[in-house]
**Q** 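Shown below is the structure under consideration.
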Amino acid sequence: MKIRHLGLLSLVVAACSGEPPADKPADKPAEKPAVEAPPADVDKTFDPATLQAAAEQVALVPSPAEMQRSLDKASVNKALATMVKDRDIQMGVENKDQIAVRCGVVLADLVLTVKDSPKETVVARLDRLAEGLNKLGAGADVQATIADMKTRVLNDAVARDELLKEMDELSGVMVPELEYEAGDWVVPLIQAGSWLEGAHLVSGALKEVGRTDAADNLLKQPAVVDYFIKYVEREGSSKAPDEVVARLKETLSTLKVVVAKPTLAAEDVDTIHSATGAVLTLL
C-alpha cells in the first residue's frame with residue numbers, strides 16, 4: 001500500500017499480523033530497514049502504546065477476507081463473492097454514522113469480489129468508497145491510496161491477488177487522520193459495516209449449503225458485537241438516530257442475545273441472517 005504514514009502504520013500492521021514490530025528483533029537477526037520519521041504534523045499523543053491498543057481492537061474483528069478463509073477452513077464450499085449483491089450504495093446522506101457503515105459495506109464487497117469482478121465494477125466501488133471516506137474526513141493519504149488502486153486497475157497494472165491484499169489491509173487499518181478529523185468512532189463503524197455484510201453473507205452461505213452446524217465457529221462472536229455496541233451507543237451520539245443507525249442498534253441488540261447462547265441452532269442462523277439483512281436493505 002502506498003500510504004505515507006508508514007512510520008505509524010507499521011506498528012498497527014505488525015500487531016494485526018502477529019509479526020514482531022520493527023523495533024523488536026525477530027528470532028533470526030536481520031538487517032533493520034530504515035523507517036521514515038512520521039511527519040511533523042502528526043499528533044504526538046498517537047504513541048506506540050495507543051497504536052498497540054487500537055491494533056488489538058482492530059484484530060478483534062475478522063475482515064471479510066478472513067471470513068472467507070474461515071469458511072474454507074470449515075469445509076463450507078461456498079464463495080462469498082457469489083452472494084454479494086450488485087448494490088449502488090450512495091453516500092449522499094448527512095448522518096456520518098450511516099456514511100461510515102455504508103463505507104464498510106462497500107469495502108467488504110470490494111474485498112470479496114475484487115479477484116473476479118470486471119474492472120469497471122471495481123473502479124465504481126473504489127470511487128464510492130473514496131466519496132464516503134472523504135465525507136468522513138479521510139486525509140490525503142487514504143485518498144491517494146484509493147486513487148493509486150484505481151489507476152492500476154484501469155491500466156491492468158496490478159495482479160488481482162495483490163490488490164486483494166492491499167484492500168484487505170485497508171479494511172483493517174485506517175490512517176490516523178480519519179480518527180482525528182471525524183472522531184474515534186469512525187473506524188469501528190466502518191468495521192461494523194464490513195462485519196455486518198460479512199455476517200449476512202456467511203449466515204446465508206451456511207443456510208444455502210445446509211451447514212448451520214458450523215455456525216458456532218463462524219458467527220458466535222459476542223466480543224465483536226459488544227465492541228460495536230459501544231460505538232453505536234457512544235456518549236454524544238444522536239439522540240434521534242436516522243433509520244439505518246436505529247436499525248443497526250436493534251440488530252446488534254438482537255445479535256447480542258443470539259450469540260450469548262451456548263450453541264447456535266439453525267433458527268439462530270436464520271435470525272442472524274434476517275437481522276443483518278434488515279440493515280443492509282436500507283442502504
**Q** Give the minimum heavy-atom separation between V111 and L164, together with the two atoms involved.
**A** O-CD1, 3.1 Å

**Q** What closest approach, in Å, do P262 and K220 show between heavy atoms, and which atom pair accounts for it?
**A**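 The pair with the smallest heavy-atom distance is O-CE, 3.3 Å.
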
**Q** What are the two closest non-hydrogen atoms of W185 and A100, and how far apart are they?
**A** CZ3-CB, 4.5 Å

**Q** When you measure from the side chain of S117 to the backbone N and O of V114, does any donor-acceptor pair fall under 3.5 Å?
**A** no

**Q** Test salt bridge (Lys or Arg N to Asp or Glu O under 4.0 Å) on E162 and R152 and set out the steps.
**A** CA-CA 11 Å; E162 178 61 26; R152 286 182 290 146; 5.9 Å; no

**Q** If you compare all heavy atoms of V269 against all heavy atoms of S203, which two are closest, and at what distance to 0.1 Å?
**A** CG1-O, 3.6 Å

**Q** Nearest 0.5 angstrom please: Q221 CD to Y227 OH, how far?
**A** 13.0 Å

**Q** In this structure, would M83 and V202 fall into the same cluster of hydrophobic residues linked by side-chain contacts under 4.5 Å?
**A**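 The answer is yes; both residues are in one hydrophobic cluster.
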
**Q** Is a side-chain donor or acceptor of R102 paired with a backbone partner of R128 at a separation under 3.5 angstrom?
**A**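 Not a single qualifying donor-acceptor pair exists.
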
**Q** To the nearest 0.5 Å, what is the distance between CZ (R211) and NZ (K78)?
**A** 14.5 Å

**Q** Hey, are the side chains of L264 and T212 touching, using non-hydrogen atoms and a 4.5 Å cut-off?
**A**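 Sidechains of T212 and L264: no contact.
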
**Q** For M67 and L201, what are the C-alpha separation, side-chain angles and deciding distance, and is it a side chain to side chain contact (heavy atoms under 4.5 Å, CB included)?
**A** CA-CA 9 Å; M67 290 182 174; L201 296 175; over 6 Å; no

**Q** Starting from the C-alpha separation in whole Å, work towards a yes-or-no answer on side chain to side chain contact (heavy atoms under 4.5 Å, CB included) for L206 and L218.
**A** CA-CA 9 Å; L206 295 180; L218 298 170; 3.8 Å; yes

**Q** Short question: side chain of T251, backbone of A275 - any donor-acceptor pair under 3.5 Å?
**A**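 Confirmed, T251 side chain pairs with A275 backbone.
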
**Q** Could you tell me whether the side chain of L248 reaches within less than 4.5 Å of the side chain of D97, counting heavy atoms only?
**A**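 Heavy-atom side-chain distance check fails, nothing below 4.5 Å.
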
**Q** Going by heavy atoms in the side chains, are L163 and M149 under 4.5 Å from each other?
**A**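 L163 vs M149: side chains touch.
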
**Q** Compare every heavy atom of D213 with every heavy atom of G210, then report the nearest pair and how far apart it is.
**A** O-OD1, 4.3 Å

**Q** Determine, stepwise, if the pair D268 / L219 fulfils side chain to side chain contact (heavy atoms under 4.5 Å, CB included).
**A** CA-CA 10 Å; D268 296 318; L219 295 171; over 6 Å; no

**Q** Under the 3.5 angstrom rule, does the side chain of K119 hit a backbone N or O of L154 as a donor-acceptor pair?
**A** yes

**Q** Please indicate whether E267 has more than 12 foreign heavy atoms, meaning atoms of other residues, nucleotides or ligands, lying under 6.0 Å from its CD.
**A**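 Buried by this count: over 12 neighbours within 6.0 Å.
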
**Q** Rounded to the nearest 0.5 Å, how far apart are OG1 of T276 and CG of L196?
**A**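 Here the interatomic distance stands at 5.5 Å.
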
**Q** For the pair R125 and D127, find out whether any cationic side-chain nitrogen is under 4.0 Å from an anionic carboxylate oxygen.
**A**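 Result for this pair is no, no salt bridge flagged.
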
**Q** So do the side chains of P62 and V224 get within less than 4.5 Å of each other, counting heavy atoms only?
**A** yes

**Q** I'd like to know whether CG of N155 has more than 12 heavy-atom contacts from other residues, nucleotides or ligands below 6.0 angstrom.
**A**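 Counting neighbours around CG of N155, more than 12 heavy atoms of other residues, nucleotides or ligands fall under 6.0 Å, so yes.
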
**Q** Do V209 and N77 touch side chain to side chain, with heavy atoms closer than 4.5 Å?
**A** no

**Q** According to a 4.5 Å side-chain heavy-atom criterion applied to Ile, Leu, Val, Met, Phe, Trp and Tyr, with indirect links allowed, do L112 and V158 form part of one hydrophobic cluster?
**A**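 Linked, L112 and V158 end up in one cluster.
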
**Q** Below 4.5 Å, heavy atoms only, C-beta onward: do K85 and L280 meet side chain to side chain?
**A**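 A side-chain contact is absent here, since even the closest heavy-atom pair is not under 4.5 Å.
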
**Q** State, without any angle test, whether Q191 and Y231 hold a side-chain donor-acceptor pair at a distance under 3.5 Å.
**A**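 No, no side-chain donor-acceptor pair sits under 3.5 Å.
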
**Q** Would you please classify the geometry between the H273 ring and the H200 ring as parallel, tilted or perpendicular, with 30° and 60° separating the classes?
**A**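 It falls in the parallel class, under 30°.
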
**Q** Flag the pair D116 and R160 as a salt bridge only when some basic side-chain nitrogen lies within less than 4.0 angstrom of an acidic carboxylate oxygen.
**A**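 No.
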
**Q** Answer yes or no: is there a side-chain heavy-atom contact under 4.5 Å between I190 and L136?
**A** yes

**Q** Counting N and O atoms only, with roles assigned by atom type, does the side chain of K135 sit under 3.5 Å from a partner on the main chain of M91, one being a donor and the other an acceptor?
**A**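 Yes; judged by distance alone, with no hydrogens or angles, the pair exists.
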
**Q** Can T121 and T113 be said to form a side chain to side chain contact (heavy atoms under 4.5 Å, CB included), step by step?
**A** CA-CA 9 Å; T121 302; T113 64; 5.6 Å; no

**Q** For L129 versus L110, what's the shortest heavy-atom pair and its separation?
**A** CD2-CD1, 4.1 Å

**Q** Do V105 and R87 have side chains that get closer than 4.5 Å, going by heavy atoms?
**A** yes

**Q** Taking atom CD of Q143 and atom CD1 of I146, what is their separation to the nearest 0.5 Å?
**A**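 Taking CD in Q143 and CD1 in I146, the distance rounds to 5.5 Å.
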
**Q** Hey, could you give me the OG/CZ distance between S63 and R69, rounded to the nearest 0.5 Å?
**A**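 Going from the OG atom of S63 to the CZ atom of R69 covers 5.5 Å.
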
**Q** Using atom types as modelled and distance alone, determine if a side-chain donor or acceptor of Q98 lies under 3.5 Å from a backbone N or O of V245.
**A** no

**Q** Do any N or O atoms from the side chain of Q68 and from the backbone of L80 form a donor-acceptor pair under 3.5 angstrom?
**A** yes

**Q** Working to the nearest 0.5 Å, report the span between CE of M167 and CG of L107.
**A**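 These two atoms lie 8.0 Å from each other.
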
